[in-house]
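Every heavy atom of this structure was used, including side-chain atoms; hydrogens, water molecules and symmetry mates were not.
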Amino acid sequence: MIQVRLPDGSERQFAQPITVAEFAKSIGPGLAKAALAGKVNGELVDTSYVIESDASVAIVTGKDSEGLDLIRHSTAHLLAYAVKQLFPTAQVTIGPVIENGFYYDFSYDRPFTPEDLSAIEERMRELANRNEPVVREVWKRDDAVAFFRAQGEMYKAEIIQSIPAEQSISLYREGDFIDLCRGPHVPSTGQLKVFKLMKVAGAYWRGDHRNEMLQRIYGTAWVNQADQDAYLHMLAEAEKRDHRRLGRELDLFHLQDDAPGMVFWHPRGFAIWQQVEQYMRRIYQDNGYQEIRCPQVLDRSLWERSGHWENYKDAMFTTASEQRDYAVKPMNCPGHVQVYNAGLRSYRDLPLRYGEFGACHRNEPSGALHGIMRVRGFVQDDGHIFCTEDQIQQECATYTKLLQAVYADFGFEQIIYKLATRPAKRVGSDALWDKAEAALANSLTASGVSFIVSEGDGAFYGPKIEYSLKDALGRVWQCGTMQVDFNMPMRLGAEFVDVDNTRKHPVMLHRAIVGSMERFIGILIEHHAGALPMWLAPVQCVIMSITEVQAAYAADVAQTLKKQGFRVESDLRNEKINYKIRENSLQKIPYLLVVGEKERQAGQVSVRARGGIDLGVMSLESFSDRLGDDVKSKRSSPLAKSA
């Protein structure tokens, strides 16, 4: 008898071997119909897999994350199937699952057009409607190489040729199409109902620019139409919020080829920058950080001692002078250790917290650059805490609480916490790692948050906490970090005199809240769709005159508000007031003030809040108080308070 244990702990017995599909059917016809794959003793397998001995078995359906990945992977194969039918001379290469979808790379003698994509998608639907079985076959490697070469599939043959000769390989057949894959896959094409091809892009074979440029077709696939519709809606919203587009429309910044990966900040964009920096500077001051400033260019020998020259040199901009090699700093930490080392430290001095708005440069590949989100020149709200081992937990708990408050002020309420633990290659004793990991875990527990443990994802020098925030569209951005470092203080000779009068190395905590200022501002722009909260808005209000008669009064109002510290502009152009309102509304300015003859004579202003809300007429003093309240409360929208 074969004993099969289900996830709920119940067991079933079978007199003979049984497939995963048959096992699902024994539970019920509904589950059998929904079954996409199985998990046998934790291993994902096809529904055709035969259970021959006692095992723990779970049925995977579209409700499971593995099920959605299966649908997407199988849809990638369906894409290749359709391409081969429509374009027989195209060669298939690889087609993995990616976040929210899949892609497949093809070699073809001309670029695929939008019309080609429509035809391919239509053929995919026809093939799905045939409900053809997806069948796994096991081949000898050399037989598979010969088969694909005979088919003219040289890329596929090359992939298989790299597999050890003694190793059998699995192929999946659907209709007259067969492809290399370790699987598993859905049982039939009929289970692939909801998908859409998105775009075509270029991609080098094996990611090497020296190889042929292939065509990569991207697609998305989902369990149901509602989920796909929601995803496509999110993409449409993301396009509207794209920080590059809004940067142009709101005149915030630009980039140009003369300085690839470097940002030219315009006055309005730099006004946002200044608000973020000034806010973070107050955070430093109020939480025990001493602000420092370190050189941009440091001698090669320092980078060698820190380990960066060996492990990070390709990403560093280098220069030379008077027969000495230098590097433009890609990070601030070695410089902070030099400030620490400038004096003799005692255990009484710890924890010692340094903060710097440090400008860094990294030689990112040009293809990886993306607006102000991924750049070569950036500034970090960088901080380093030098402490004892016993102080790690408290410092991390205090930092988490601080980070939560900062993110809330910027309009982010959802934070994802991840604890990355020791990798296989690391420095330091296991006892030290045990202590550091426990301190980080306990600090998160003490903060009352749930967290994910990511085994083996820590840095070689210590474990870390990664803090990711969710934006208005549900996208996740990893911004904050807290890294425990035993290594750099030792490598760079950082010491303190302990209570027993011995010299010891401090622990170095690397921490950042917003991370790259450029990237964080890009996230802010997209999160708020350019309509930044009052306290961050580059222009907080615009005063508009109806006729030239009110121009002097409007200018006086603007000057009065400016003296009170508000960011104000006046629009005194000889244009119709509706035109002025429309133009300034498109700039997403929180408040628009209209002054006509009645307002001038009464010493008042007519106020419109962002979104076209008429707040009526009020005195300048009342409006000024309102602005002050909005700034002080960091209210997300001026509409949150009625007139």
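A donor-acceptor pair under 3.5 Å links the side-chain atoms of R245 to the main chain of K240, judged by distance alone. Between the side chain of D105 and the backbone N or O of T93, no donor-acceptor pair lies under 3.5 Å. Without hydrogens or angle criteria, E22 side chain to T19 main chain gives a donor-acceptor distance under 3.5 Å. N224 places a side-chain N or O within donor-acceptor distance of the main-chain N or O of A226, the cut-off being under 3.5 Å. Formation of a donor-acceptor pair under 3.5 Å by the T189 side chain with backbone atoms of E132 is found in this model. Judged purely by atom type and a 3.5 angstrom limit, N363 has no side-chain atom pairing as donor or acceptor with the backbone of F317. Listed for the D471 side chain is a donor-acceptor partner under 3.5 Å among the backbone atoms of G474. Looking only at distances, no side-chain donor or acceptor of D381 sits under 3.5 Å from a matching main-chain atom of A512. Counting only distance, with no hydrogens or angles, the side chain of S516 and the backbone of R519 share a donor-acceptor pair below 3.5 Å. No donor-acceptor pair closer than 3.5 Å links the side chain of D143 to the backbone N or O of W139.
For the atom pair CD1 of I415 and OG of S468, the computed distance is 10.0 Å after rounding to the nearest 0.5 Å. In this structure, R511 CZ and T481 OG1 are separated by 10.0 Å, a value rounded to the nearest 0.5 Å. Between L440 atom CG and T421 atom OG1 the span is 10.5 Å, to the nearest 0.5 Å. Between the NZ atom in K193 and the CZ atom in F195 there is a gap of 10.5 Å [rounded to 0.5 Å]. Between atom CH2 of residue W205 and atom CG of residue N211 there is a gap of 8.5 Å, rounded to the nearest 0.5 Å. Between the CD1 atom of I272 and the CG atom of L524 there is a distance of 8.0 Å, given to the nearest 0.5 Å.
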Inset, instruction - Mind running side-chain contact (heavy atoms from CB on, under 4.5 Å) on I71 and Q191 for me, showing each step along the way? - result: CA-CA 8 Å; I71 286 172; Q191 287 163 301; over 6 Å; no
Inset, instruction - Could you walk me through whether F410 and V276 pass the side-chain contact (heavy atoms from CB on, under 4.5 Å) test, one step at a time? - result: CA-CA 9 Å; F410 284 111; V276 176; 4.1 Å; yes
Inset, instruction - Decide salt bridge (Lys or Arg N to Asp or Glu O under 4.0 Å) for R141 and E166; before the verdict, give the C-alpha distance in whole Å, the side-chain angles of both, and the deciding distance to 0.1 Å. - result: CA-CA 7 Å; R141 187 204 70 169; E166 67 278 4; over 6 Å; no
Inset, instruction - Carefully, step by step, assess E310 and E304 under the rule side-chain contact (heavy atoms from CB on, under 4.5 Å). - result: CA-CA 7 Å; E310 177 184 356; E304 288 176 334; over 6 Å; no
Inset, instruction - Applying side-chain contact (heavy atoms from CB on, under 4.5 Å), run through V135 and E174 and close with a yes or a no. - result: CA-CA 7 Å; V135 181; E174 46 197 285; over 6 Å; no
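Residues V40 and A55 come closest through the heavy atom pair CG1-CB, 3.9 Å. Annotation for P184 and Y172: closest pair CA-OH, 3.6 Å, computed over non-hydrogen atoms. Taking each heavy atom of C333 and H510 in turn, the nearest pair found is CB-CE1, 3.5 Å. Between G530 and L246 the shortest heavy-atom distance is N-CD1, 3.7 Å. Nearest heavy-atom pair across L70 and A37 is CD1-CB, 3.3 Å. G458 approaches A420 most closely through the heavy-atom pair N-CB, 3.6 Å.
You'll find the ring centres of H527 and H243 outside the 6.0 Å limit. Checked against the 6.0 Å centroid criterion, the rings of Y104 and Y218 do not qualify as a close aromatic pair. In this structure, F102 has its ring center no closer than 6.0 Å to that of H73. Ring-centre distance between F253 and F264: not below the 6.0 Å cut-off. Taking the centre of each ring, Y407 and Y467 stay at or above the 6.0 Å mark.
The pair E466-K464 counts as a salt bridge, with a side-chain nitrogen and a carboxylate oxygen less than 4.0 angstrom apart. We find that E153 and R149 are not joined by a salt bridge, their nearest charged nitrogen and carboxylate oxygen being 4.0 Å or further apart. In summary, R422 and E455 do not engage in a salt bridge, as defined by a charged side-chain N under 4.0 Å from a carboxylate O. A salt bridge links R244 to D242: one of the charged nitrogens lies within less than 4.0 Å of a carboxylate oxygen. One finds no salt bridge joining E126 and R130 here, because no Lys/Arg side-chain nitrogen approaches an Asp/Glu carboxylate oxygen to under 4.0 Å. Using a 4.0 Å cut-off between charged nitrogen and carboxylate oxygen, R206 and D208 do not count as a salt-bridge pair. Using a 4.0 Å cut-off between charged nitrogen and carboxylate oxygen, D382 and K329 do not count as a salt-bridge pair. Ion pair E99/R72 not flagged as a salt bridge, since none of the NZ, NE, NH1 or NH2 atoms sits closer than 4.0 Å to an Asp/Glu carboxylate oxygen.
For S188 and N131, the side-chain atoms include at least one donor-acceptor pair closer than 3.5 Å. Donor-acceptor pairing under 3.5 Å is lacking for the side chains of Y81 and D179. Under the 3.5 Å distance criterion, with hydrogens and angles disregarded, a donor-acceptor pair is assigned to the side chains of Q256 and D258. Side-chain atoms of Y461 and Q483 include a donor-acceptor pair closer than 3.5 Å.
Environment of CD in Q167: crowded, with over 12 heavy atoms of neighbouring residues, nucleotides or ligands closer than 6.0 Å. Counting non-hydrogen atoms of neighbouring residues, nucleotides and ligands closer than 6.0 angstrom, the NE2 atom of H233 reaches no more than 12 such neighbours. At most 12 non-hydrogen atoms from other residues, nucleotides or ligands lie less than 6.0 angstrom from CZ of R182. Atom NZ of K84 is surrounded by more than 12 heavy atoms from other residues, nucleotides or ligands within 6.0 Å. Around atom CD of E43, no more than 12 heavy atoms belonging to other residues, nucleotides or ligands sit under 6.0 Å away.
L469 places none of its side-chain heavy atoms less than 4.5 Å from the side chain of Q414. Between W303 and M316 the shortest side-chain heavy-atom distance falls below 4.5 Å. In this structure, the side chains of K470 and I416 come closer than 4.5 Å at one or more pairs of heavy atoms. Side-chain contact between T318 and D325 is absent, with no heavy atoms from C-beta onward closer than 4.5 Å. Counting heavy atoms from C-beta outward, L532 and P538 have side chains that approach closer than 4.5 Å. Contact check for R475 versus E526: side-chain heavy atoms found under the 4.5 Å cut-off. In this structure, I523 and F412 have side chains that are in contact, with non-hydrogen atoms separated by less than 4.5 Å. Using a 4.5 Å heavy-atom cutoff, the side chains of Q380 and M517 are not in contact.
Ring-plane geometry between Y312 and H308 is classed as perpendicular, the angle between the planes exceeding 60 degrees on a 0 to 90 degree scale with a lower cut at 30.
Both tests hold for R216 against Y103: distance to the six-membered ring centre under 6.0 Å, angle to the ring axis within 45°.
The salt bridge (charged side-chain N to carboxylate O under 4.0 Å, His left out) search around R376 returns none, not counting sequence neighbours.
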